[in-house]
Amino acid sequence: MKSHIANLVSKALDQLVVDGLLDADVVKAPVIERARDASHGDFATNVAMVNSKVAKMPPRDLAARLVERLPASAGVAGVEIAGPGFINFRLADNAYHALIPEILGQGHAFGRGRIGAGKRVQVEFVSANPTGPLHVGHGRGAAYGAVVADLLEAVGYEVYREYYVNDAGRQMDILATSVWLRYLELCGEALDFPSNGYRGDYVWDIAATLHRDHADDYRQAAGAVFDGVPPDDPAGGDKEAHIDGLIARAKRLLGDNRYRFVFELGLNVILDDIRDDLHLFGVDYQEWYSERSLVESGAVNKAIDRLRDAGQLYEKAGAWWFRSTAFGDAKDRVVVRENGQTTYFASDIAYHMDKLERGFDRVIDVWGADHHGYVPRVKAALQALGDDPSRLDVLLVQFAILYRGGQKAQMSTRSGDFVTLRELRKEVGRDAARFFYVMRKCEQHMDFDLDLAKSQSSDNPVYYVQYAHARIHAVLRQAAEKLIDVEPSEGMGSLERLSETHELDLLKTLSRYPEVVEAAATQEEPHQLTHYLRELANEFHTYYNAHQFLVDDAVLRDARIKLILAIREVLRNGLNLLGVSAPEQM
RNA sequence: GCGCCCGUAGCUCAGCUGGAUAGAGUACCGCCCUCCGAAGGCGGGGGUCACAGGUUCGAAUCCUGUCGGGCGCGCCA
């Protein structure tokens, strides 16, 4: 409908050019938008105002000339000039009635589009370190990334969802060492657990598995482990030096193979947990991409070599630095440390290089906002390698702060004192968690009200929308009891009986759905969809209270049933895109 | 100190590629079930769009500055 109006306006503009009232070179393209106020009709355009200057004519005069040249159209019931020079279009009722067979005919496909044109886009999200269970801070990125991916798919992109597994590096060594130390405690060794180790209960659980399956096979005397290791922070030392010393000691005492065994046990247990957790959250990936595989395949060294060959690296204080300042970064960055180990950043360069080499048209990273300072260096690296950094979009998600009983629910991974995503799901349910996380635009700091998410009342927006869907099914069940055929196969002739304001408003709202999906997808803003669904649910509830659907007049009843079937379809499709269920009963 | 994000109704937030009287939910007050689920609906009050300048036919929206809040500035990941 919108494009139809745009088409009419373009033709009128062309005619103005032909008539010599406008210069084709300077005329600005028309923008058609939904009228905000019903009294302004259905669509409006500001072409007359934006072209007023180049036409050397007051906006309203230009508007009048343009309206004179608009082609006639059956779907358009009225055109008027208003305000400073807006041209308002009012559609004929039957233009909206035709929407119902369209929706019912397309079913699940209604609202999906093709502007993605099959382009391949990769979306990387969550990618939390496998050093512990996911917590609620990861939940927002998970929900947001998943919905953005689904939205892009809905508008015609071929989407590849990926989780980058940081299974190399020092944090993983700290985890492996933490597991081993807990295991030693289970064996009966007395020791002071390092202040920088992972202290969560899940570490005990992994240690217990090791102890159950291998008894004392991995046991070493605590003295042998700790003697000569630099003191920990509480003992007046440095916690970083202490944990590094313990890692080195673990590797030496266990030997490569046995250390690797403990390491992998920890990694696999946690990764399985994360995978399962996300799956139950409705988040599934095409690929779990291992950082270690990147190191072991030589991809990291290859990336470093490419940078060196391009003259973008230099040596300073024993380390190799990437000249990222040459590409807009605030300072140069180390890629190879003094000790010869490559940095996380070096892996990330290789990873992003690989993403682009895999031939994606677009690459999207969803990161926590605390990583925003990291964006310039990754883009710098891509540019230095001769790739096009604009193919990479980094979407930053701000933190969500949880409130329970009006109080902040705080968290910290290292101390083990945090709310896990699993617990959140258990507490508020998957539907509410998914909906709440994407209800706000991602750059907005979010207050997540656990009590509200839990409440089974109209205060809770997710229940409000789901209730509208369930209510439609309640009507359909009622109709079935009365032996009314709810899916009549005959034509749509009865639809012109839909003439109530509530009905026409609903049709108008339904007609917006494809535009909402497209906007939410292209702007990566799932919240637009949540707002839309709330609005649609509200209009349905209003309609429900104002009119009886299952009336004696069979023709009218038939029309109304078709309308609510169309509403059901859109509610279901929209909720589905959000990863929220559309229950038939609640 | 430098960089990024945010500041709109008591509270939580839309609106931001400039457009017509600034919206929604919630809270508060008042109504509506002999009627398909009241987990609902209708109405009402409530705003110097943080502040100050600038750009123009027009600014919550764009630019500059100030003030407030969050985050980041590792040879950690």
*Quick one: label A:Glu443 by what it contacts on the DNA or RNA (base, sugar-phosphate, nothing), any heavy atom closer than 4.0 Å.*
sugar-phosphate
Distance-only donor-acceptor test (3.5 Å): side chain A:His372, base B:G3 | yes
### B:C75 versus B:G15 - spacing of their C1' atoms, nearest Å
46 Å
Closest of B:C13, B:C75, B:A20 to the A:Phe86 side chain is B:A20
| request: Give A:Met172 one of three labels, base, sugar-phosphate or nothing, depending on what nucleic acid heavy atoms sit under 4.0 Å from its own. | output: nothing
inquiry  = Does A:Ala330 reach a base, just sugar-phosphate, or nothing at all? Heavy atoms under 4.0 Å.
reply    = nothing
- Message: Once hydrogens and angles are ignored, does a donor-acceptor distance under 3.5 Å link the base of B:A20 to the side chain of A:Asn88?
- Response: yes
With the side chain defined as heavy atoms from C-beta on, A:His445 is closest, among B:U12, B:G69, B:G74, to B:G69
### Task
Keeping the roles fixed (side chain from A:Asp42, backbone from A:Leu91), state whether a donor-acceptor pair exists under 3.5 Å.
yes
A:Asp552 bridged to A:Arg557 by N-O distance under 4.0 Å:
no
Salt bridge check: are A:Glu584 and A:Arg471 linked by an N-O gap of less than 4.0 Å? no
Judged by nearest nucleotide, the residue sitting upstream toward the 5' end of RNA chain B, A:Ile87 or A:Phe399, is A:Ile87
Checking B:A77, B:C13, B:G72 against the side chain of A:Arg337 (C-beta onward), the nearest is B:A77
Taking B:C36, B:C76, B:G3 as options, the one with an atom nearest any side-chain atom of A:Gln171 is B:C76
